[in-house]
Amino acid sequence: MLRTEEKVIDEAIQGEALDGRKVPNSNGRKVFIESYGCQMNFSDSEIVASILEKDGYETTKLLHEADIVFVNTCSIREKAEQTVRKRLTVYNKHKRKNPKMIIGVLGCMAERLKSKFLEEEKIVDLVVGPDAYRDLPNLVREVDGGRKAVNVILSKEETYGDIAPVRLGGNGVTAFVSITRGCDNMCTFCVVPFTRGRERSRDPESIIQEVRELSLAGYREVTLLGQNVDSYLWYGGGLKKEFANLSDEEKEKSTNFAQLMDRVAQVDRKIRIRFSTSHPKDMTDDVLHAMARHDNICDYIHLPFQSGNSRILEMMNRGYTRKWYMNRIDAIRRILPTCSISADIISGFCSETEEEHQDTLSMMEYVKYHFSYMFKYSERPNTMAQRKYPDDIPEETKQKRLAEIIELQQKHSHEQLKKDLGKTYEVLVEGVSKKSDDELYGRNTHNSVIVFPRENYKVGEYVMVKVEKCTSATLKGKAVK
Ligand code: SAH
Ligand code: SF4
Ligand code: F3S
């Protein structure tokens with residue numbers, strides 16, 4: 001799920017800079033860190049800040065006072081990369097005024113383009129892939145010494161499990177905790193397996209410890225992050241293996257996702273648990289039962305389907321059919337009858353016919369998603385789809401199909417939210433409404449945003465709110481005692 005591309009999609013993508021913070025052992029240099037892409041990237045930027053703080057770097061939210069500018073980048077669609085390139089032009093304008101400024105590219109584009117940035121484009125000083133952040137202080141020293149620096153080595157072990165991220169991006173209420181890195185799924189359209197490397201699970205003890213620390217620091221919601229959380233498996237090591245292939249001893253000490261959720265949910269009953277992303281091929285009934293067992297695990301699942309047609313799903317190498325996906329939806333309805341569901345959808349994948357597109361719309365009718373992230377297929381260099389299949393759906397057709405998907409989604413979102421009129425929900429307050437200082441906003445267990453009058457309520461509180469109105473994206477209500 002992409003934080004910077006929320007709701008609708010393929011429009012201007014915005015970055016977010018980490019807040020500024022002074023550190024006791026300051027070396028007098030300030031770092032500006034801006035992030036694009038998925039929650040994993042935002043979470044990684046906080047790990048980067050933590051690594052740099054230990055070396056005495058302060059963070060700043062102001063680009064013009066930065067000695068070092070890092071942009072944590074996304075490669076998922078062409079547009080995401082274009083946005084970053086525009087930002088690099090902006091940073092370079094600042095650099096003209098301040099020639100000592102160091103510009104570094106982090107994250108997925110660093111991995112995809114590697115030293116191309118340094119050699120051909122000469123617009124950056126440093127290129128660092130997602131598994132090499134521990135090396136950042138050394139790499140900066142190299143640049144200080146007059147060289148360009150690059151480390152894009154991907155790891156089979158790195159999970160940054162021992163690094164407590166500095167929570168600079170958030171609201172002090174909700175936090176992300178990575179539980180896996182990388183992805184082994186090889187969906188044919190996707191760059192992530194190339195940019196993030198092999199799938200690894202993180203030691204459950206370090207996850208529990210991080211959640212404990214968040215609880216002590218007053219956080220009220222934790223989102224467990226991974227490209228495919230359902231395949232989480234720790235067995236003493238974390239590199240992805242199938243449970244059936246573990247030794248008896250490894251099986252004995254193993255923790256799967258359902259078991260991890262059981263543990264995380266018990267750390268602090270006042271902390272809500274969310275997770276993203278679930279994968280239809282791996283989401284077991286055990287996971288759903290774990291959700292049902294714990295009141296503080298939110299009643300909401302993000303379950304991307306990408307396409308409603310089995311031939312297209314096969315070409316995408318998603319590992320499930322239309323029927324299998326529907327079976328997973330039926331399981332959710334059976335075990336968690338009130339659960340809200342959201343999805344990711346791609347329009348115009350290679351060779352998709354009009355009829356196959358209709359299968360996507362009919363899947364939407366079957367599930368009636370609360371909301372979706374909807375994208376036009378964007379061919380990515382070196383993916384299996386790029387090598388095997390022509391990107392043959394004309395842009396206008398992709399756009400037309402996307403527009404139909406968005407229109408249907410808006411109708412369903414509105415229908416789903418209308419069902420909430422008159423209901424009362426526990427809302428975790430996340431902030432003051434952007435539209436009015438007199439209103440607060442937060443989310444209910446279904447991940448729906450609710451806006452209500454501020455009165456004397458505060459950010460971080462749980463408030464019972466009765467829903468009175470709705471649009472296609474938000475609920476409005478009033479606090480009740
Ligand atoms: N791991 C998650 C998805 C991560 S990427 C999962 O498998 O569900 C987030 C979403 O971006 C994907 O679900 C997909 O809908 C979209 N996406 C990925 N590659 C894309 C591409 N080449 N073109 C268009 N959309 C893409
Ligand atoms: Fe990409 Fe597929 Fe992995 Fe998701 S599961 S990150 S879509 S390869
Ligand atoms: Fe995330 Fe974009 Fe990388 S979606 S994993 S930042 S390509």
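Atom set for the values below is all heavy atoms of this structure, side chains included, hydrogens, waters and symmetry mates excluded. Whatever order the structure lists them in is the order used to number ligands and atoms, beginning at 1. If you read the sequence from its start, that first residue is 1, and numbering goes on from there.
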Carboxylate-amine/guanidinium contact D125 K148, below 4.0 Å
yes
Look at D299 together with R274 and state whether they make a salt bridge at an N to O cut-off of under 4.0 Å.
no
Which protein non-hydrogen atom lies closest to [atom], naming both residue and atom, and how far is it?
| atom | value |
| --- | --- |
| atom 1 (Fe) of ligand 2 | C190 SG, 2.3 Å |
| atom 4 (Fe) of ligand 2 | R318 NH1, 4.2 Å |
| atom 6 (S) of ligand 2 | Q227 OE1, 3.5 Å |
| atom 2 (Fe) of ligand 2 | C187 SG, 2.2 Å |
| atom 5 (S) of ligand 2 | N185 ND2, 3.3 Å |

Got [X] and [Y] here, is their nearest side-chain heavy-atom distance under 4.5 Å?
| X | Y | answer |
| --- | --- | --- |
| E365 | L408 | yes |
| D230 | N256 | no |
| L288 | D285 | yes |
| V229 | S276 | no |

Taking 2.8 Å as the cut-off, does C74 contribute an N, O or S atom near atom 3 (Fe) of ligand 3, distance below it?
no
No-hydrogen, no-angle side-chain donor-acceptor test under 3.5 Å, [X] and [Y]:
| X | Y | answer |
| --- | --- | --- |
| S231 | E199 | yes |
| E213 | Q209 | yes |
| S201 | T180 | no |
| N41 | D44 | no |
| E354 | Q358 | yes |
| H302 | T277 | no |

Partner of E81 by salt bridge (Lys or Arg N to Asp or Glu O under 4.0 Å), out of K116, R87, R380
R380
I'd like to know whether the aromatic ring centres of Y369 and F305 sit less than 6.0 Å apart in this structure.
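That pair passes the under 6.0 Å test.
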Run the numbers for me: atoms of ligand 2, each under 4.0 Å from some heavy atom of [X], listed by number.
| X | value |
| --- | --- |
| H279 | 5 (S) |
| F189 | 7 (S) |
| P193 | 8 (S) |

Interfacing atoms of ligand 3 (cut-off 4.0 Å, heavy-atom, [X]):
| X | value |
| --- | --- |
| Q227 | 5 (S) |
| C38 | 1 (Fe), 4 (S), 5 (S), 6 (S) |
| N41 | 6 (S) |
| C108 | 3 (Fe), 5 (S), 6 (S), 7 (S) |

For ligand 3, is there an atom lying under 4.0 Å from some heavy atom of G107?
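No heavy atom of G107 comes that close to ligand 3.
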Show the atoms of ligand 1 that are less than 4.0 angstrom away from any heavy atom in [X].
| X | value |
| --- | --- |
| R380 | 22 (N) |
| D344 | 9 (C), 10 (C), 12 (C), 13 (O), 15 (O) |
| R77 | 11 (O), 16 (C), 17 (N), 23 (N), 24 (C), 25 (N), 26 (C) |
| K376 | 23 (N), 24 (C) |

Which segment of R196 sits under 4.0 Å of ligand 3 when only heavy atoms are counted:
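Looking at R196 and ligand 3, just side chain atoms fall under 4.0 Å.
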With a heavy-atom distance limit of 4.0 Å, tell me whether [X] approaches ligand 1 through its side chain, its backbone, both, or neither.
| X | result |
| --- | --- |
| F189 | both |
| S378 | both |
| I76 | both |

Ligand 1 and [X], any nitrogen or oxygen pair closer than 3.5 angstrom?
| X | result |
| --- | --- |
| E379 | no |
| Q227 | yes |
| S278 | no |

Give me the ring orientation class for Y160 and Y133: parallel if the planes are under 30° apart, tilted from 30 to 60°, perpendicular past 60°.
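Correct class here is parallel.
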So, does R318 sit close enough to ligand 1 that a heavy atom of it is under 4.0 Å from the ligand?
yes
Ligand 1 contact by N228, heavy-atom criterion under 4.0 angstrom:
no
Atom 1 (Fe) of ligand 2 to C183: any N/O/S contact under 2.8 Å?
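For C183, the answer is no, given that no N, O or S atom comes within less than 2.8 Å of atom 1 (Fe) of ligand 2.
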So, taking the atom named OG in S178 and the one named CD in E210, what distance separates them when rounded to the nearest 0.5 Å?
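One finds 7.5 Å between OG of S178 and CD of E210.
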